[in-house]
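Have a look at the structure below, then the notes.
One-based numbering, in listed order, for ligands and for the atoms of each.
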Amino acid sequence: MDHVYPSNPEFVAKANVSGMDAYRALYERAEQQPEEFWAERAAENLHWFKKWDHVFEWNPPFAKWFVGGKTNVSYNCLDRHVNGGRKDKTAILWEGEPGDTRKISYGELLRLVCRFANVLKSRGLKAGDRAIIYMPMIPELPVAMLACARLGITHSVVFGGFSAEALKARIQDLGAQVVITADGGWRRAKEVRLKDAVDEALAAGDCPTAKEVIVYRRTASQIAIKEGRDYWWHELEEGMSEECPAAELDAEHPLYVLYTSGTTGKPKGIMHATGGYLLQATMTMKWVFDIQESDMYWCSADIGWVTGHSYIVYGPLSVGTTTVMYEGAPDTPAFDRWWSIVAKYKVNIFYTSPTAIRALIRQGEQWPEKHDLSSLRLLGSVGEPINPAAWEWYHRVIGKGRCPIVDTWWQTETGAIMIAPMPGAVPQKPGSGTLPMPGVLPQIVDLDGKPVEDGKEGYLILRRPWPSMLRTIWGDPERYKEQYWSRVPGVYFTGDAARRDSDGYFWILGRVDDVMNVSGHRLSTMEVESALVKHPAVAEAAVVSKPHEITGQAVCCFVTLKKGDHDPRKLGVELRQWVAHEIGAFARPEEIRFTDALPKTRSGKIMRRLLREIVTSHTVAGDVTTLEDMSVVTRLAAQQDED
Ligand code: 7RM
């Protein structure tokens with residue numbers, strides 16, 4: 001029997017959506033009259049310079065929402081609050097890792113954004129141009145995003161943990177005209193030298209479109225400034241006006257591109273449009289996070305991932321809440337850093353990942369117990385399935401048994417939360433995302449698209465387009481069609497396996513493709529393989545994930561070497577470092593295993609399934625008839641037992 005946790009009655013009484021009937025009414029209306037439903041939400045919850053001509057246009061698989069409508073994300077996140085009585089309300093409450101803090105009101109944030117938008121304008125940038133933003137978790141990161149959004153410059157935020165190589169690939173794919181960065185940021189008391197990575201990415205003229213770099217001074221460390229290419233943010237801002245009108249943009253104007261791992265080595269640029277994206281980010285803040293006027297809201301993600309885009313920046317600012325931002329690591333200076341922030345700012349809503357929860361469980365309950373967590377009223381989880389034991393710890397130790405938990409399933413591609421409990425309405429079961437949001441029609445099917453019975457595992461698909469759906473893959477509409485709309489024709493393929501129980505609750509089981517999930521970060525096996533084979537000693541590489549107690553999955557590599565004298569211990573260390581340098585530290589393999597051959601089919605395909613079995617169960621079962629040389633597998637499995 002699944003354990004069921006109803007939300008506490010006090011929470012339910014005050015919730016934005018109270019009781020199952022209220023949830024059902026919203027869901028059914030959205031299912032039966034989607035255009036009317038979304039039109040009403042758009043009119044009530046967003047500002048439009050001009051209303052749309054029609055709500056929805058569908059040229060499968062290309063969707064448009066609020067066609068003909070004119071709006072602006074930055075206006076919605078700033079001006080309408082400043083004009084509507086929230087001028088002095090805190091928009092961003094920021095804490096740097098070294099302990100410095102900033103409190104920025106909506107009025108101030110609008111001025112900062114306008115001033116920086118004027119800088120971008122003065123550099124000749126305009127609607128339709130692209131900016132790469134590679135910054136630490138400081139307020140200037142949302143400022144840069146909102147300034148781009150104000151002018152219609154499409155931004156792509158690159159997570160500060162990505163390497164120069166990964167950054168370069170993104171600048172090139174996007175054809176960005178400008179790179180906005182900082183000298184560095186603080187993480188675990190060490191400087192992350194962002195500007196050095198930008199220099200490396202732009203060296204050798206590999207990124208011809210990126211003519212300028214704007215550098216914010218955060219760490220004040222020594223960096224190189226290239227004459228005629230690099231400019232200091234604070235110098236460009238001198239004398240700039242604090243007023244800048246928001247451009248009246250098409251609802252379909254590309255707001256941002258965010259790169260995410262797919263099944264090949266090349267990351268996909270997920271493109272989000274303006275109106276539909278903002279609408280669903282806004283509605284889910286109200287439905288899932290139950291945002292109320294006095295809330296102090298904190299999402300601990302990095303803005304470099306989609307969770308930070310939708311639930312640190314755009315969603316929270318659109319609803320006019322106070323969004324807490326923390327620059328650094330949860331264990332710096334000690335394992336209670338997060339709980340000290342919750343207590344200090346009286347955080348009411350806290351949103352984090354299962355990986356983080358598991359890492360904190362390991363450190364013991366003494367850390368949260370040192371702090372007063374009584375301000376918390378709602379907890380959230382995102383990024384991967386949460387194991388029931390971690391859910392229950394989160395509920396008991398952090399939420400003191402009083403706070404509902406919203407386990408939110410969604411993807412970079414979906415733009416906003418798709419499956420999650422509305423906490424005032426839907427009882428929770430640990431490990432289940434529970435029920436879909438209004439307008440979201442999930443189903444569990446087989447590869448022919450036939451629904452499978454409740455309780456049985458299958459592919460999770462979404463039957464109908466939704467406003468915050470990705471519009472395409474940047475520069476590659478064919479790949480968009482092929483990746484999301486072809487596996488099961490006519491419906492959106494999520495790439496996740498799931499089942500539905502007899503209460504209609506969804507249970508996400510994990511990816512069905514070659515995408516790994518390490519600490520909630522998406523990473524493709526091919527990306528790591530491509531990085532490995534770039535190393536001069538490596539002949540071939542096959543990468544699989546294996547279960548990991550803290551990070552969910554860990555990267556495990558099988559490597560064959562070119563002829564020569566190699567010291568496997570030294571080379572193992574070197575290759576792990578190599579991958580971290582090629583992709584980013586989060587991709588550093590847990591394990592490198594050297595082998596004289598990889599298991600392959602007769603047609604030469606590496607059988608990753610076998611490797612997965614070897615790393616998880618030490619033995620090989622199942623069908624091996626297509627294997628070319630069985631002895632390889634026996635040797636690999638034997639090697640494991642020696643370890
Ligand atoms: C928001 C985000 C997407 C993939 C997705 C799933 C997994 C995310 C949950 C989850 C189970 C959850 N975007 N995933 N949330 N699995 N329960 N609540 O993570 O593009 O980086 O990753 O993450 O496999 O397809 S993402």
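Selection from Asp496, Thr408, Val515 by nearest heavy atom to atom 6 (C) of ligand 1 gives Asp496. Taking only non-hydrogen atoms, the option from Gly308, Gly415, Gly383 nearest to atom 15 (N) of ligand 1 is Gly383.
For atom 2 (C) of ligand 1, the closest non-hydrogen atom of the protein is Trp410 O, 3.7 Å. Pro385 N, 3.1 Å is the protein heavy atom nearest to atom 11 (C) of ligand 1. Of the protein's non-hydrogen atoms, the one nearest atom 20 (O) of ligand 1 is Thr412 OG1, 2.6 Å. Ranking the protein heavy atoms by distance from atom 9 (C) of ligand 1 puts Glu384 N, 3.5 Å first.
Residue Thr307 approaches ligand 1 through these ligand atoms, each under 4.0 Å from one of its heavy atoms: 1 (C). Atom numbering of ligand 1 starts at 1 in the shown order; those under 4.0 Å from a heavy atom of Val382 are 1 (C). Those atoms of ligand 1 with a heavy atom of Asn517 less than 4.0 angstrom away are 7 (C), 23 (O). Each of the following atoms of ligand 1 lies closer than 4.0 Å to a heavy atom of Ile508: 11 (C), 16 (N). Distances below 4.0 Å separate heavy atoms of Val306 from the following atoms of ligand 1: 1 (C), 13 (N).
The salt bridge (Lys or Arg N to Asp or Glu O under 4.0 Å) test with Glu384 is passed by exactly one of Arg522, Arg511, Arg358: Arg358. Exactly one of Trp410, Tyr256, Tyr277 qualifies for a ring-ring contact (aromatic ring centres under 6.0 Å, His included) with His309. That residue is Tyr256. Screening Tyr459, Tyr484, Tyr480 against Phe493 for a ring-ring contact (aromatic ring centres under 6.0 Å, His included) leaves a single residue, Tyr459.
Residues Tyr311 and Trp298 keep their aromatic ring centres 6.0 Å or farther apart.
A cation-pi arrangement, defined by a distance under 6.0 Å to the six-membered ring centre and an angle within 45 degrees of its axis, is absent between Arg463 and Tyr492. Cation-pi check for Lys429 over Tyr505 is met; the charged atom lies under 6.0 angstrom from the ring centroid and within 45 degrees of its normal.
Ligand 1 is never approached by Gly495 to a heavy-atom distance shorter than 4.0 Å. Using 4.0 Å as the threshold, Trp305 has no heavy atom nearer than that to any atom of ligand 1.
The backbone N or O of Thr414 sits less than 3.5 Å from a side-chain atom of Trp466, completing a donor-acceptor pair. At least one donor-acceptor pair under 3.5 Å links the side chain of Ser163 to the backbone N or O of Glu582. Gln363 contributes no side-chain N or O that, together with a main-chain N or O of Leu360, makes up a donor-acceptor pair within less than 3.5 Å.
Only the side chain of Arg522 comes within 4.0 Å of ligand 1, judged by heavy-atom distances.
Taking the six-membered ring where the residue is Trp, Phe162 and Phe159 present perpendicular rings, their angle passing 60° and hence far from 30°.
At a threshold of 4.5 Å between non-hydrogen side-chain atoms, the residues Leu376 and Asn348 do not count as touching.
Considering backbone and side-chain atoms alike, Ser381 places every N or O at 3.5 Å or more from each N or O of ligand 1. For Asp407, a nitrogen or oxygen atom sits less than 3.5 Å from a nitrogen or oxygen atom of ligand 1, counting backbone and side chain alike. Between Thr494 and ligand 1, no N or O atom pair is found at a separation short of 3.5 Å.
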